[in-house]
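All remarks here apply to the structure that follows.
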Amino acid sequence: MDQEIVEEILHLKKQKNAIILAHNYQREEIQNIADFVGDSLELSRTAAEVKCDVIVFCGVHFMAETAAILNPEKTVLLPEIDAGCPMADMIDGEKLKKWASQYPNTPVVSYVNTTAEVKALSYVCCTSANAPQIVKTIPFSKVLFVPDKNLAFWVMRNVPEKEVIPWDGFCPTHHMIKKEDVLRAKKQYPNALVVVHPECRPEVIELAQHVASTSGMVRFAKSSTAKEFIIGTEVGLIYRLKKENPDKAFYPLKKTMICPNMKVTTLESVLVALREMKYVVKVPEDIRIRAKEAVDRMFEFYKPSSK
Ligand code: 13P
Ligand code: SF4
């Protein structure tokens with residue numbers, strides 16, 4: 001059954017000159033049919049460079065929106081229109097304007113996990129792979145950082161020379177991890193290195209041997225001589241880690257680290273998306289132009305040597 005669906009997806013993909021981009025947290029079968037699997041930064045880069053007419057984005061809404069911001073001439077499809085990001089929804093344009101008005105002449109750095117409206121009000125965007133580097137490089141000594149307070153704390157730790165004022169947002173999937181969870185996992189797997197995502201609480205980051213974006217974790221696992229790793233991010237990444245490192249062991253820091261929004265996309269929904277060309281994600285042109293400036297600025301400041 002799945003094989004039939006896969007074949008039809010591949011056929012439609014060719015017919016419509018489409019490509020499939022998938023985030024590292026997507027279901028295994030989605031990762032397997034994707035043309036490219038990566039973290040938010042890699043997916044934005046790929047979306048900016050790819051040659052095709054249609055992009056099927058297997059991820060959450062802000063990711064498809066970022067692809068649409070970068071590709072107004074392409075059709076960007078999000079197979080499950082309700083696949084959102086609760087953290088991105090913790091701030092909107094109105095809230096940001098009101099908050100930022102208390103800090104005149106202070107630029108807004110927005111995590112890519114934001115709506116296009118919030119990006120349009122930002123000076124620059126960043127992802128978990130380059131947030132410290134972006135804040136370090138931009139020519140301002142004080143910044144407002146939205147929406148993830150944990151990523152903001154990670155930036156503060158790495159860029160102590162700058163003042164970072166965080167918005168009070170968080171990712172429910174990463175924020176639920178506490179110090180005790182790390183201590184329990186370390187006790188269970190005493191030989192494993194602890195690798196966590198910067199969306200985790202500072203107390204969790206404190207106990208980790210390595211902190212990186214999802215693709216940064218993949219690179220770290222490949223290059224490390226260690227054989228066992230406790231992985232502190234959404235469990236979907238474990239599939240890719242195991243596939244690319246069959247001789248190493250990966251344990252989820254907590255099995256309940258699941259982002260439900262990243263799991264709603266199925267082979268069936270990708271097939272329907274391509275067949276019926278839905279759901280088209282489009283950003284109003286005035287917002288798109290301003291949001292693109294913030295995303296483009298991220299690419300200008302980003303140096304690929306970062307995690
Ligand atoms: P990265 O894959 O960019 O590390 O982001 C994690 C995430 O939570 C995306 O929603
Ligand atoms: Fe949003 Fe967290 Fe899910 Fe990523 S893992 S999409 S940040 S809720």
Side-chain angles (χ1 to χ4, degrees), residues 21-27 30-31 34 36-47 57-67 78-91 110-115 118-119 125-134 145-152 154-155 167-177 195-201 204-205 208 210-221 231-241 252-265 295 298-299 302 304 306-307:
L21 303 184
H23 187 265
N24 283 322
Y25 296 157
Q26 289 288 294
R27 292 166 179 271
I30 298 293
Q31 295 195 27
F36 186 80
V37 182
D39 67 6
S40 309
L41 182 64
E42 294 168 333
L43 291 170
S44 325
R45 272 203 173 282
T46 309
F57 216 115
C58 300
V60 292
H61 195 271
F62 75 80
M63 296 179 171
E65 217 177 36
T66 307
L78 182 68
E80 292 287 344
I81 197 60
D82 292 329
C85 167
M87 174 163 68
D89 294 336
M90 288 178 188
I91 190 162
S110 62
Y111 191 18
V112 73
N113 300 38
T114 43
T115 60
V118 167
K119 288 184 178 75
C125 282
C126 68
T127 75
S128 60
N130 63 15
Q133 189 192 350
I134 294 286
F145 193 97
V146 300
D148 187 7
K149 61 179 170 189
N150 290 328
L151 185 61
W154 174 239
V155 170
W167 181 256
D168 191 21
F170 58 89
C171 162
T173 308
H174 290 86
H175 195 66
M176 72 173 196
I177 296 303
V195 183
V196 305
H197 195 275
E199 285 174 16
C200 289
R201 292 167 187 259
V204 167
I205 284 187
H210 192 67
V211 180
S213 75
T214 54
S215 290
M217 290 185 188
V218 175
R219 288 189 288 276
F220 177 72
I231 300 298
T233 197
E234 212 274 348
V235 295
L237 183 69
I238 303 267
Y239 173 66
R240 187 170 163 203
L241 285 165
L253 202 163
K254 203 169 184 179
K255 285 187 181 136
T256 49
M257 280 188 90
I258 297 169
C259 173
N261 292 283
M262 282 286 183
K263 298 291 179 265
V264 287
T265 307
V295 179
M298 168 177 83
F299 292 134
Y302 170 66
S306 69
K307 289 185 275 193

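On a predicted model such as this, the values are computed, not experimentally measured, just so you know. Atoms within each ligand, like the ligands themselves, are counted from 1 in listed order.
- Counting heavy atoms from C-beta outward, Val295 and Val112 have side chains that stay 4.5 Å or more apart.
- Under a 4.0 Å criterion applied to the non-hydrogen atoms of His197, ligand 1 contributes the atoms 1 (P), 4 (O), 5 (O), 6 (C).
- Between Met87 and ligand 1 there is no heavy-atom distance shorter than 4.0 Å.
- Of the charged side-chain nitrogens involved, at least one lies within less than 4.0 Å of a carboxylate oxygen, so that Arg219 and Glu42 count as a salt-bridged pair.
- Note that CD1 of Ile91 and OH of Tyr111 are 15.0 Å apart. Values are rounded to the nearest 0.5 Å.
- Proximity of Thr214 to ligand 1, defined as any heavy-atom pair under 4.0 Å, is shared by backbone and side chain alike.
- Residue contacts with ligand 1 for Thr173 are absent, since no atom lies close enough (heavy atoms, distance under 4.0 Å).
- Considering both main-chain and side-chain atoms, His174 never comes within under 3.5 Å of ligand 1 through any nitrogen or oxygen pair.
- Ligand 2 places these atoms under 4.0 Å from at least one heavy atom of Met87: 7 (S).
- Of all atoms in ligand 1, numbered sequentially from 1 with element shown, those under 4.0 Å from a heavy atom of Tyr25 are 6 (C), 7 (C), 8 (O).
- When each atom of ligand 1 is checked for a heavy atom of Asn113 under 4.0 Å away, the hits are 9 (C), 10 (O).
- With contacts defined as side-chain heavy-atom distances shorter than 4.5 Å, the pair Leu241/Ile231 qualifies.
- Using 4.0 Å as the threshold, Asn24 has no heavy atom nearer than that to any atom of ligand 1.
- Here the heavy atom of the protein found nearest to atom 1 (Fe) of ligand 2 is Cys85 SG, 2.4 Å.
- Contact check for Ile81 versus His61: side-chain heavy atoms found under the 4.5 Å cut-off.
- Looking only at distances, a side-chain donor or acceptor of Lys263 sits under 3.5 Å from a matching main-chain atom of Tyr25.
- Within the listing of ligand 2, atoms 7 (S) sit less than 4.0 angstrom from a heavy atom of Asn113.
- Judged by distance alone, the side chain of Lys119 and the main-chain N or O of Ser110 form no donor-acceptor pair under 3.5 Å.
- Side-chain atoms of Gln31 come within 3.5 Å of backbone atoms of Gln26 as a donor-acceptor pair (strictly under, hydrogens ignored).
- Using cut-offs of 30° and 60° for the angle between ring planes, the His174 and His197 rings count as tilted.
- Proximity to Met63 (heavy-atom distance under 4.0 Å) selects the following atoms of ligand 1: 9 (C), 10 (O).
- For Glu234, the closest heavy-atom approach to ligand 1 does not fall below 4.0 Å.
- Ser40 and Ser44 make their closest contact through O-OG, 2.6 Å (heavy atoms, listed as atom of the first residue, atom of the second, distance).
- Annotation: side chain of Thr115 is in contact with side chain of Glu65 (closest heavy-atom distance under 4.5 Å).
- Scanning the protein for heavy atoms near atom 3 (O) of ligand 1, the closest one is Ser40 OG, 2.8 Å.
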Checking Ser215 against Asn24 for the side-chain hydrogen bond (donor to acceptor under 3.5 Å, both in side chains) test, could you report, in this order, the C-alpha distance in whole Å, the side-chain angles of both residues, the deciding distance, and whether it holds? CA-CA 8 Å; Ser215 290; Asn24 283 322; 3.1 Å; yes
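- Atom 1 (Fe) of ligand 2 has no N, O or S atom of Cys259 closer than 2.8 Å.
- With Asn150 contributing its side chain and Glu199 its backbone, the two residues share a donor-acceptor pair below 3.5 Å.
- The closest approach between Glu199 and ligand 2 falls below 4.0 Å for a heavy atom of the residue.
- Backbone and side-chain nitrogen or oxygen atoms of Asp39 are examined, and none is located within less than 3.5 angstrom of a nitrogen or oxygen of ligand 1.
- For atom 8 (S) of ligand 2, the nearest non-hydrogen atom of the protein is Pro86 CD, 3.4 Å.
- Those atoms of ligand 1 that come under 4.0 Å of a heavy atom in Ser213, given as number and element, are 4 (O).
- If you check which protein heavy atom lies closest to atom 8 (O) of ligand 1, you get Glu199 OE2, 3.2 Å.
- Contacts between Glu234 and ligand 2, counted as non-hydrogen atom pairs separated by less than 4.0 Å, are absent for every part of the residue.
- Heavy-atom proximity to Tyr25, at under 4.0 Å, picks out these atoms of ligand 2: 5 (S).
- A 4.5 Å side-chain heavy-atom check between Ile258 and Glu234 finds at least one atom pair inside the cut-off.
- Distance from atom 2 (Fe) of ligand 2 to its nearest protein heavy atom, with residue and atom name: Cys171 SG, 2.3 Å.
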